[in-house]
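So the structure is just underneath, and the comments pick up after that.
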Amino acid sequence: MAHLGLIGIGVMGGAFALNLAENGHDVSLLDRSAEKMAEAVQEAKDEGLSGRLIACADAEAFVKSLPKPRSILVLVPSGGPLDSVIKMLKPQLDKGDLIADLGNSNYTDTERRVAELEDTGLLFLGMGISGGAEGARHGPSIMAGGSKASWARVKGPLQDSAAKFEEEPCCDWFGPGGAGHFIKMLHNGIEYADMQLIAEAYGLMSNGLGMSATEIGAVYKDWNNGPLNSYLIEIAAEVSLATDPKTGSAMLDIILDKAGQKGTGRWSVIEALHLGAPASMMAAAVEARNISADIETRLQMEAAFGPSPKPIPKDMAPKKKALGALEQAMLAAKVCAYAQGFEVLSRASDSFNWNLDLAAIARVWRAGCIIRSVFLDEISDVFDGSDEKHLMLSPVFQDYMNVNAPALQAVSSFGIINGHALPAMTAALNYHNMRRTGRSTANMIQGLRDYFGAHTFERIDDPDVKVNGPWHD
Ligand code: 6PG
């Protein structure tokens, strides 16, 4: 059994310390708040884990309490706070000691920290951890990156405390440097797209079909028994069915429509653009959150142009049929979101020489994390032991699209005609349409580029030679 250090005993840190303790490991705790550490120690006591959590008065006592070589997990906000912790620890540690960052750090910062610390003989791991406080307590999904030797030092206790899918720990090492944090960032990008699709479906049911929050909750519940089964659909049902204790109204009707974000969705889109990989659904989700945040301008525009969507049409299709189509549209769009996500991962793997195991990534997302679903088991099967290039080209996902893409088209058309904003759904549809267009319209782009800038183009009858067009004779 291991004895680890853990810095940052907030909600997540406290929960993770208890999880490690429950799995038989000793954990030295360090936090600016003695109260939070005392709470964690008390909780451990209450749960029959006395002595496993050790609150330390300061950094010196903390470092001294750990057996050498030391392994220290850090769960503090990424950026400045993490750098401060590293700066504080560095002079007190010995060569071979390990710091592991479990926050949502930008992978480029992780690359920098790995290089800087390894230069001084210390080890550094960048690990994404998903699942919120509940996951941290009872089993998160963990995506690690850094040197393999560093990983070997903490693999045991982390896999013990990670979520399990059919007894397999959802916790793995994926590559050097920032690979783990890159994968966690993309997990969040997909999470953004998934959540935006759920919100768009909610908008179609509420404003398009005139359904109440309770009726909508029942639909999500029903979907959770079918191919859309996932943690996010499950909690969409719970959020829709909740009642505001203050007013007795549906909680959803009381929540201000202004979405927050901390950056991982935006980073995913930026990185995808750098890599030349498609991420239109994540981009749509980030943009929807950005626009939602500016309520004042939305209200001014509503006054200037009239409200959108249009009032519900009288000749609307029967609800049941519409809901069936919506479920199918969601499934097709979800396939597109994951296809894009895995395209980004595959491009990153090639560009950074990470040799990422896409099947293993899908495997650690099957339980514990926010995007967990059975669907990910199917994705891992596609990539397992095969050199399948694109999710949608696998027979299973090809079939998903052939069966469900017509509904995505129908639902998107209904939504657009009636003024619904469906940025993620239509991005999915456009992505699918673009990906299956054998002869695209990029010949026009090439003609224009060559006309104004002599950028050259290739001819379809001689693609190996770059030529100019007859524009300026
Ligand atoms: C998780 C979550 C978690 C958090 C993100 C996204 O995997 O447990 O992704 O990391 O929800 O920070 O938060 P925002 O929506 O605020 O960007």
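All ligand and atom numbering here is 1-based and tracks the order in the structure.
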Heavy-atom nearest neighbour in the protein, as seen from atom 16 (O) of ligand 1, with distance rounded to 0.1 Å: Lys262 NZ, 3.1 Å

Residue Asn104 vicinity, atoms of ligand 1 by number, heavy atom under 4.0 Å: 5 (C), 10 (O), 12 (O)

Ala279 versus Ala272, closest heavy-atom pair with distance: CB-CB, 3.4 Å

Which of the ligand 1 atoms, numbered from 1, are nearer than 4.0 Å to a heavy atom of Asn188: 5 (C), 6 (C), 7 (O), 9 (O), 10 (O)

Sidechain N-carboxylate O distance under 4.0 Å for Arg137, Glu47: yes

Pair Phe182-Trp354, ring-ring contact (aromatic ring centres under 6.0 Å, His included): steps then yes or no: CA-CA 11 Å; Phe182 190 96; Trp354 279 343; 5.5 Å; yes

From the candidates Gln261, Arg372, Lys184, Glu191, the one that places a heavy atom nearest atom 11 (O) of ligand 1: Glu191

Asn404 and its side-chain contact (heavy atoms from CB on, under 4.5 Å) partner, picked from Asp399, Leu331, Val335: Leu331

His187 neighbourhood, listing ligand 1 atoms whose heavy-atom distance to it stays under 4.0 Å: 7 (O)

Heavy atom of Gly131, distance to ligand 1 below 4.0 Å: yes

Region of Met143 engaging ligand 1 - heavy atom pairs below 4.0 Å: neither

Check against side-chain contact (heavy atoms from CB on, under 4.5 Å), Phe174 and Leu358: CA-CA 9 Å; Phe174 291 99; Leu358 300 183; over 6 Å; no

Residue Ile370 vicinity, atoms of ligand 1 by number, heavy atom under 4.0 Å: 1 (C), 2 (C), 7 (O), 8 (O)

Derivation of the salt bridge (charged side-chain N to carboxylate O under 4.0 Å, His left out) call for Asp257 and Arg298: CA-CA 11 Å; Asp257 51 332; Arg298 284 196 281 125; 3.1 Å; yes

Ligand 1 atoms in contact with Gly132 (distance to a heavy atom under 4.0 Å): 8 (O)

Asp253 and Ser249 side chains, donor-acceptor separation under 3.5 Å: no

Protein heavy atom at shortest distance from atom 15 (O) of ligand 1: Arg289 NH1, 2.8 Å

Atom 17 (O) of ligand 1: nearest protein contact (heavy atom, Å): Tyr192 OH, 2.5 Å

Audit row: Tyr220, Ile235, side-chain contact (heavy atoms from CB on, under 4.5 Å) steps and yes/no: CA-CA 9 Å; Tyr220 288 133; Ile235 65 170; over 6 Å; no

Protein contact of atom 7 (O) of ligand 1 - nearest heavy atom, named by residue and atom, plus distance: Ser130 OG, 2.4 Å

Short N or O distance, Gly260 and ligand 1, threshold 3.5 Å exclusive: no

Verdict with supporting geometry, Ile9 and Ser33, side-chain contact (heavy atoms from CB on, under 4.5 Å): CA-CA 8 Å; Ile9 316 302; Ser33 159; over 6 Å; no

